[in-house]
Protein chains: 2
Amino acid sequence: MQIQSLHPSSSHVSAPATHSDPVVRSLLANARPCAVSFYKPNEAIYAHGDTSGPLYLVEFGTVRVCRLTADGRRQISTFHFAGEVFGFEPGGEHLNYAESVDSTGIRLLRPNSDAGLGESALTIALRTMARIQDHLLLLGRMNAAEKMAVFIIDLHDRQDADRFIDLSMQRSDIADYLGLTFETVSRVLKAFKDAKLIRLPMLSQIEVLDWTGLRCLAE
Amino acid sequence: MQIQSLHPSSSHVSAPATHSDPVVRSLLANARPCAVSFYKPNEAIYAHGDTSGPLYLVEFGTVRVCRLTADGRRQISTFHFAGEVFGFEPGGEHLNYAESVDSTGIRLLRPNSDAGLGESALTIALRTMARIQDHLLLLGRMNAAEKMAVFIIDLHDRQDADRFIDLSMQRSDIADYLGLTFETVSRVLKAFKDAKLIRLPMLSQIEVLDWTGLRCLAE
DNA sequence: CGACCAATTGAATTGATTCAAGGTCCGTGG
DNA sequence: CCACGGACCTTGAATCAATTCAATTGGTCG
């Protein structure tokens with residue numbers, strides 16, 4: 001992991017997210033400015049057991065936040081994309097670990113006063129919580145096809161891309177997010193393709209052909 | 001639902017939780033005092049779509065917080081017991097609904113200043129979030145026996161009861177919490193009984209006979 | 001071009017569900 | 001006190017969705 005200089009001329013990464021979200025902007029206003037760290041794919045951002053405290057803002061790229069069972073089974077709690085904030089943990093230690101999925105830029109947010117990051121931190125934490133609660137319903141009560149449909153629609157809603165949805169993560173990441181095996185992910189994508197719900201122009205791109213059909217599956 | 005008077009002499013409910021948790025006490029200090037509402041089993045505390053804002057403190061009893069799919073499948077996000085705070089939601093509307101499981105007393109917590117409930121609200125929200133993230137791992141990556149073992153141990157840790165664990169909720173609630181059917185819950189309990197891990201002196205009580213064996217299952 | 005990793009596909013297996021039948025607990029009323 | 005009814009729970013048998021295991025294909029990069 002390298003620390004990027006804040007000086008623009010030395011930066012060779014793509015433009016940072018615009019942070020159009022007012023809550024994120026307010027959080028930035030309460031934070032000390034920090035450099036953007038650049039991560040190659042599959043690098044650790046923080047580990048299980050690390051001291052928690054600062055928050056992390058995704059400038060570009062994708063992050064996965066995960067937890068493991070004692071025998072190594074992995075569950076991905078959330079993916080985070082450009083403009084999203086993560087790193088919330090109670091107590092002093094990270095119970096989850098976070099890694100870059102692809103080439104990712106992360107800005108550290110440290111509170112610049114004793115007052116902490118204020119109300120905006122709570123707001124963003126509650127949003128994250130709502131997202132996770134949605135995911136409980138998905139993991140506990142949906143079948144493979146429904147899970148996949150929800151996942152594709154969610155990806156589309158969070159990317160501003162219109163036509164093609166970018167799959168920055170590989171099949172096994174999707175599997176560990178949806179509580180499936182990577183073989184099942186592959187099979188469901190094939191079934192969607194055969195049902196003319198989607199097209200897969202590349203391994204890492206989805207084009208939705210039938211939004212109605214897909215939304216119907218996702219309820 | 002009846003509103004209990006704050007006057008002790010008119011109260012016929014069991015003694016309220018002592019709120020030994022300093023964070024909950026600090027939250028109470030920032031809240032306007034409110035009466036305790038008494039709920040019979042299976043009454044609505046708030047509904048999907050209700051305006052959110054106030055927090056709720058369980059004085060006694062058990063609460064379930066749930067979400068439904070469009071076709072009526074239910075996932076219970078969390079159970080809450082005496083001394084626990086719930087009701088966190090982003091935005092203005094409840095995405096979940098909350099109900100009493102058994103006879104339950106709830107104290108409403110409304111902020112008494114414009115500053116809101118302060119840091120303690122964030123602390124408790126983060127705790128809730130950590131609990132939910134644990135539950136993602138359970139729902140996504142554990143089998144029925146492991147889920148049940150984790151559930152029993154968690155119940156024990158959250159109740160101060162030593163010998164007998166009280167199952168205030170019925171089998172279908174446990175099923176909707178663990179992402180199983182109630183038949184499977186019943187079968188797993190039977191298997192635990194046959195394996196001499198537990199005893200079921202009553203329908204709603206568990207006695208753990210082999211903590212090591214149970215913990216081993218739960219990892 | 002070959003090597004390697006990821007993804008696909010097939011066949012067999014299995015864990016959990018579904019459907020169906022009993023059994024148990026508990027309150028109510030004769 | 002006991003019989004009755006209904007809700008909850010247990011148990012069994014058949015089914016099915018998803019996994020496991022095993023090839024094979026495809027894509028990417030030196």
Side-chain angles (χ1 to χ4, degrees), chain A residues 40-42 62 64 69 71-76 101-103 138-152 166-195 198-206 217, chain B residues 40-42 62 64 69 71-76 101-103 138-152 166-195 198-206 217:
Chain A
K40 292 196 283 289
N42 303 308
T62 311
R64 58 174 176 254
T69 61
D71 62 348
R73 284 169 287 175
R74 181 178 70 157
Q75 177 64 46
I76 297 181
V101 172
D102 50 3
S103 290
L138 178 143
L139 289 176
R141 287 284 170 248
M142 288 187 178
N143 62 32
E146 292 170 335
K147 287 175 176 181
M148 201 66 213
V150 170
F151 178 67
I152 293 171
D166 201 48
L167 285 178
S168 51
M169 68 292 293
Q170 55 190 43
R171 302 292 187 264
S172 63
D173 284 328
I174 299 174
D176 285 353
Y177 179 63
L178 299 180
L180 301 169
T181 60
F182 64 90
E183 294 99 329
T184 300
V185 168
S186 189
R187 274 186 260 266
V188 172
L189 285 176
K190 171 123 190 328
F192 282 7
K193 223 169 46 175
D194 291 349
I198 61 169
R199 243 168 37 89
L200 293 170
M202 302 190 348
L203 269 180
S204 64
Q205 272 194 344
I206 296 180
L217 263 177
Chain B
K40 292 197 283 288
N42 303 307
T62 311
R64 57 174 176 254
T69 61
D71 62 348
R73 285 168 285 174
R74 182 178 68 156
Q75 177 64 45
I76 298 182
V101 171
D102 50 3
S103 290
L138 179 143
L139 290 175
R141 287 284 171 246
M142 289 188 177
N143 63 31
E146 291 170 334
K147 286 175 176 181
M148 201 67 210
V150 169
F151 179 67
I152 293 172
D166 201 49
L167 285 178
S168 52
M169 66 293 292
Q170 54 191 43
R171 302 293 186 265
S172 62
D173 284 327
I174 300 174
D176 285 353
Y177 179 61
L178 299 180
L180 301 168
T181 61
F182 64 89
E183 294 99 329
T184 301
V185 168
S186 189
R187 272 185 260 268
V188 172
L189 284 176
K190 169 125 192 327
F192 282 7
K193 224 169 46 178
D194 292 348
I198 61 167
R199 244 168 37 86
L200 293 171
M202 301 189 350
L203 269 180
S204 64
Q205 273 193 343
I206 297 180
L217 263 176

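Here is how names work: the chains are called A, B, and so on, in the same order as the sequence lines, proteins then strands, and each is numbered from 1. If you're wondering where the values come from, they're calculated on a predicted model, not measured in any experiment. These numbers come from the heavy atoms of this one structure, side chains and all, not from hydrogens, waters or symmetry mates.
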Any Thr184(B) side-chain nitrogen or oxygen under 4.0 Å from OP1 or OP2 of dT17(C):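 Checking dT17(C) against Thr184(B), a side-chain N or O does come within under 4.0 Å of OP1 or OP2.
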Would you say Thr181(A) places a side-chain N or O within less than 4.0 Å of OP1 or OP2 belonging to dA18(D)? no
Nearest listed nucleotide, side chain of [X], among [options]:
X: Ala144(A); options: dT9(C), dT10(D), dA18(D); value: dA18(D)
X: Gln170(A); options: dT17(C), dA7(C), dA18(D); value: dA7(C)
X: Ser186(A); options: dT19(D), dT10(D), dT9(C); value: dT9(C)
X: Leu203(A); options: dT18(C), dC9(D), dT8(C); value: dT8(C)

Kindly determine whether Arg74(A) and Asp173(A) satisfy salt bridge (Lys or Arg N to Asp or Glu O under 4.0 Å), including the steps that lead there. CA-CA 9 Å; Arg74(A) 181 178 70 157; Asp173(A) 284 328; 2.8 Å; yes
Protein-nucleotide distance ([X], atom [atom1]; [N], atom [atom2]), rounded to Å:
X: Asp194(B); N: dT10(D); atom1: CG; atom2: C1'; result: 12 Å
X: Met148(A); N: dA18(D); atom1: CE; atom2: P; result: 13 Å
X: Leu138(A); N: dA18(D); atom1: CG; atom2: P; result: 12 Å
X: Leu180(B); N: dA18(D); atom1: CG; atom2: P; result: 15 Å
X: Met202(A); N: dG26(D); atom1: CE; atom2: C1'; result: 14 Å
X: Lys147(A); N: dT19(D); atom1: NZ; atom2: C1'; result: 12 Å
X: Phe192(A); N: dT8(C); atom1: CZ; atom2: C1'; result: 17 Å
X: Leu200(B); N: dT10(D); atom1: CG; atom2: P; result: 7 Å

Apply the side chain to side chain contact (heavy atoms under 4.5 Å, CB included) test between Arg171(B) and each candidate in Thr181(B), Leu180(B), Leu189(B); give the one that qualifies. Leu189(B)
Side chains of Asp166(A) and Ser168(A): any donor to acceptor distance under 3.5 Å?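 Side-chain D/A pair, Ser168(A) to Asp166(A): absent.
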Which part of the nucleic acid, if any, lies within contact of Leu189(B), taking any heavy atom under 4.0 Å across all strands shown: a base, the sugar-phosphate backbone alone, or nothing? nothing
Donor-acceptor pair (no angle test) under 3.5 Å: Arg187(B) side chain, dG12(D) base: yes
So, does the side chain of Glu183(B) form a donor-acceptor pair with the base of dC19(C) at under 3.5 Å? yes
If we only count heavy atoms from C-beta on, is the Ile206(B) to Phe192(B) side-chain gap below 4.5 Å? no
Taking the side chain as every heavy atom from C-beta outward, state whether Gln205(B) and Leu167(B) have any pair of such atoms under 4.5 Å apart. no
